[in-house]
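Residue numbers start at 1 and run along the sequence shown. Remember, predicted model here, so these are calculated numbers, not experimental data. Start at 1 and go down the list; that is how both ligands and their atoms are numbered.
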Amino acid sequence: MGGKNLYIHTYGCQMNVHESDQIAALMLQNGYVRTDNPRRADLIIVNTCTIREKAAQKAMSQLGRFRELKRKNPGLIVGVGGCLAQQLGQVMLKKFPHLSLVFGTHSIDRIPALVRSVEATGARFVDTAFRESIVSLGILAFPENGHPSAYVTIMQGCNNFCSYCVVPYVRGREVSRKCEDILTEIKALADRGIKEVVLLGQNVNSYGKTMNEECDFANLVTKIGKINGIERIRFTTSHPKDLSGELIRCFSNVKTLCEHIHLPVQSGSDKILRRMNRKYGREIYMEKVRDLRSACPEISITSDVIVGFPGETDRDFQETIDLMEKIRFDNAYSFLYSERAGTAAMKLDQKVDVCIKRERLHYLQSLQERHTLEKNRTLIGKRQEVLIEGPSKNCQQDATGRTRSNKIVNFEGGIEKKGCMVSVRIKDAYLHSLRGELSQEEVNPC
Ligand code: 5AD
Ligand code: SF4
């Protein structure tokens, strides 16, 4: 291999984005350079998601579209990975004759060898085995030059089996990385100038539970808090039932832990939470939110909500709305319930009519928009510490960055300070971002 181009098309969560970067890092060692133009590619990889039907369909149509490129360039290798590939395996090869490679969520480290085999033999391969130790979790992928934030996988898989969710089937059971390996990786990132780490896992709160090690998630965060150079720690995703008092205390004790938590509630109705197999009720959830806010009054809390789960009546839906009114999330991602093959919820009766589902979703989203705006507006006039990530998406002359509470801020005069921590006074607030003005003082010089 040598001087070849790799194009990766990514769907889904931050874990997938990170895995695509890991694939690129691995293939770079094997002579492939990443391109953002699929027409120039010698190797195309579609990294898929199957959390909801829509995500799966999008990946399928994208794969279909690459057939034309393969027709024009028979030497092109097209591969598919991620959760949908894990779920469908061999079926993918049958469905897409132009596909040479299907790899699963535990097989990322094997991609170079698989690609070499395709190159050497022209044969087609499927590798979707589950492994006890997932080698790929520790593949180092440094962010592009000057980008100050990096993802670090700390665990993969899930043992919770929420009745609607396909993750335990496509990512396997929980596997945690060794604490020292994570710390070594983060130190290496800090040495390269990284200031912020985002710890990734399907359920980070249960980090370490399936290992003999004496390091749980709160211990891990505390240890990362002592690494020189790392000025911000974030993590995602948390299961409310595993959110410990120790972790809540980290929000007041670990100075570099950012004031934001994504804590998916899914529903505000105890009956629906039971049917979802979430193992907590609305009161417990609200209590955790109260504890978080008393440990860290400025914490931003975001959530996920599923609308139209089987058995959800108007009254159950109103309980979700009531919970949202009481808590007032900084933001919430809401989804229509989507039936996934192999999950327990498929067998539940009392499916909700699609028109009712859509009406409820619309209502809930309008409510959340009001809450998000209200929360964002409380920042007007205040100074916020912002880590500059680069030029703003909509206006290349402006800089963009995030507050510690994970809100996007755009402002003039900061693009040459990519990677710096600056102080910004918030002037205006919108639904998806804040507008600010750079203060003279720099929080921490670059
Ligand atoms: N239908 C709708 N939403 C789902 N999610 C997970 N599975 C489903 C499903 N079958 C949502 C949950 C989860 C988020 C990542 O995706 O809200 O927190
Ligand atoms: Fe899916 Fe529940 Fe595991 Fe989250 S905790 S990945 S929703 S099974």
Tell me: protein heavy atom nearest [atom], and distance?
| atom | result |
| --- | --- |
| atom 7 (S) of ligand 2 | Tyr164 OH, 3.4 Å |
| atom 15 (C) of ligand 1 | Asp304 OD2, 3.8 Å |
| atom 1 (Fe) of ligand 2 | Cys165 SG, 2.3 Å |
| atom 6 (C) of ligand 1 | Ile51 CG1, 3.4 Å |
| atom 7 (N) of ligand 1 | Tyr164 CD1, 3.3 Å |
| atom 4 (Fe) of ligand 2 | Gln202 O, 4.3 Å |
| atom 10 (N) of ligand 1 | Ser338 O, 2.7 Å |
| atom 16 (O) of ligand 1 | Arg52 NH1, 2.8 Å |

Relative to ligand 2, is [X] under 4.0 angstrom through side chain, backbone, both or neither, heavy atoms considered?
| X | value |
| --- | --- |
| Pro168 | side chain |
| Val167 | side chain |
| Phe161 | backbone |

Enumerate the atoms of ligand 2 whose separation from the nearest heavy atom of [X] is less than 4.0 angstrom.
| X | answer |
| --- | --- |
| Arg278 | 2 (Fe), 7 (S) |
| His239 | 5 (S) |
| Cys158 | 3 (Fe), 5 (S), 6 (S), 8 (S) |
| Asn160 | 5 (S) |

Next item on the list: List the steps and the verdict of salt bridge (Lys or Arg N to Asp or Glu O under 4.0 Å) for Lys326 and Asp322.
Entry: CA-CA 6 Å; Lys326 289 195 167 114; Asp322 177 72; 2.8 Å; yes

Check: Looking at Phe309, does the NZ or CZ of Arg275 lie under 6.0 angstrom from its six-membered ring centre and within 45 degrees of the ring axis?
Finding: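 Ring-cation test returns no.
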
Next item on the list: Verify the distance test for Cys162 against atom 2 (Fe) of ligand 2: any N/O/S atom under 2.8 Å, yes or no.
Entry: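 Cys162 does place an N, O or S atom closer than 2.8 Å to atom 2 (Fe) of ligand 2.
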
So which heavy atom on [X] is nearest to which on [Y], and how close?
| X | Y | result |
| --- | --- | --- |
| Asp127 | Arg110 | OD2-CD, 3.3 Å |
| Ser136 | Asp109 | CB-N, 3.8 Å |
| Ala399 | Gly414 | CB-C, 3.6 Å |

Note to self: Looking at Thr10 and Ser20, would you say the former's side chain and the latter's main chain have a donor-acceptor pair under 3.5 Å?
What the structure shows: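 Flag not set: sc Thr10 to bb Ser20 has no pair under 3.5 Å.
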
Next item on the list: Measure from the side-chain N and O atoms of Asn205 to the backbone N and O of Ser238, and report whether any donor-acceptor pair falls under 3.5 Å.
Entry: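 No: the side chain of Asn205 does not pair with the backbone of Ser238.
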
Notebook entry, point to check: Can you name the one residue among Asn410, Thr403, Val386, Ile408 that meets side-chain contact (heavy atoms from CB on, under 4.5 Å) with Leu434?
Noted result: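 When side-chain contact (heavy atoms from CB on, under 4.5 Å) is applied between Leu434 and each of Asn410, Thr403, Val386, Ile408, only Thr403 qualifies.
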
Please work out whether the ring planes of [X] and [Y] are parallel, tilted or perpendicular, with thresholds of 30° and 60°.
| X | Y | value |
| --- | --- | --- |
| Phe329 | Tyr285 | perpendicular |
| Phe66 | Tyr7 | perpendicular |
| His260 | His262 | tilted |

Check: Looking at ligand 1, does Leu336 have a heavy atom less than 4.0 Å from it?
Finding: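 Contact check Leu336 vs ligand 1: positive.
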
Check: Does the pair Phe235 and Ile224 meet the rule for a side chain to side chain contact (heavy atoms under 4.5 Å, CB included), with working shown?
Finding: CA-CA 12 Å; Phe235 58 81; Ile224 299 172; over 6 Å; no

Does ligand 1 have a heavy atom under 4.0 Å from the side chain of [X], from its backbone, from both, or from neither?
| X | result |
| --- | --- |
| Gln266 | side chain |
| Ile306 | side chain |
| Phe335 | side chain |

Notebook entry, point to check: Short list, please: which atoms of ligand 1 are under 4.0 Å from a heavy atom of Arg340?
Noted result: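 Answer for ligand 1: 10 (N).
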
Check: Rounded to the nearest 0.5 Å, how far apart are CE of Met15 and CZ of Arg171?
Finding: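 Separation between the atoms: 5.5 Å.
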
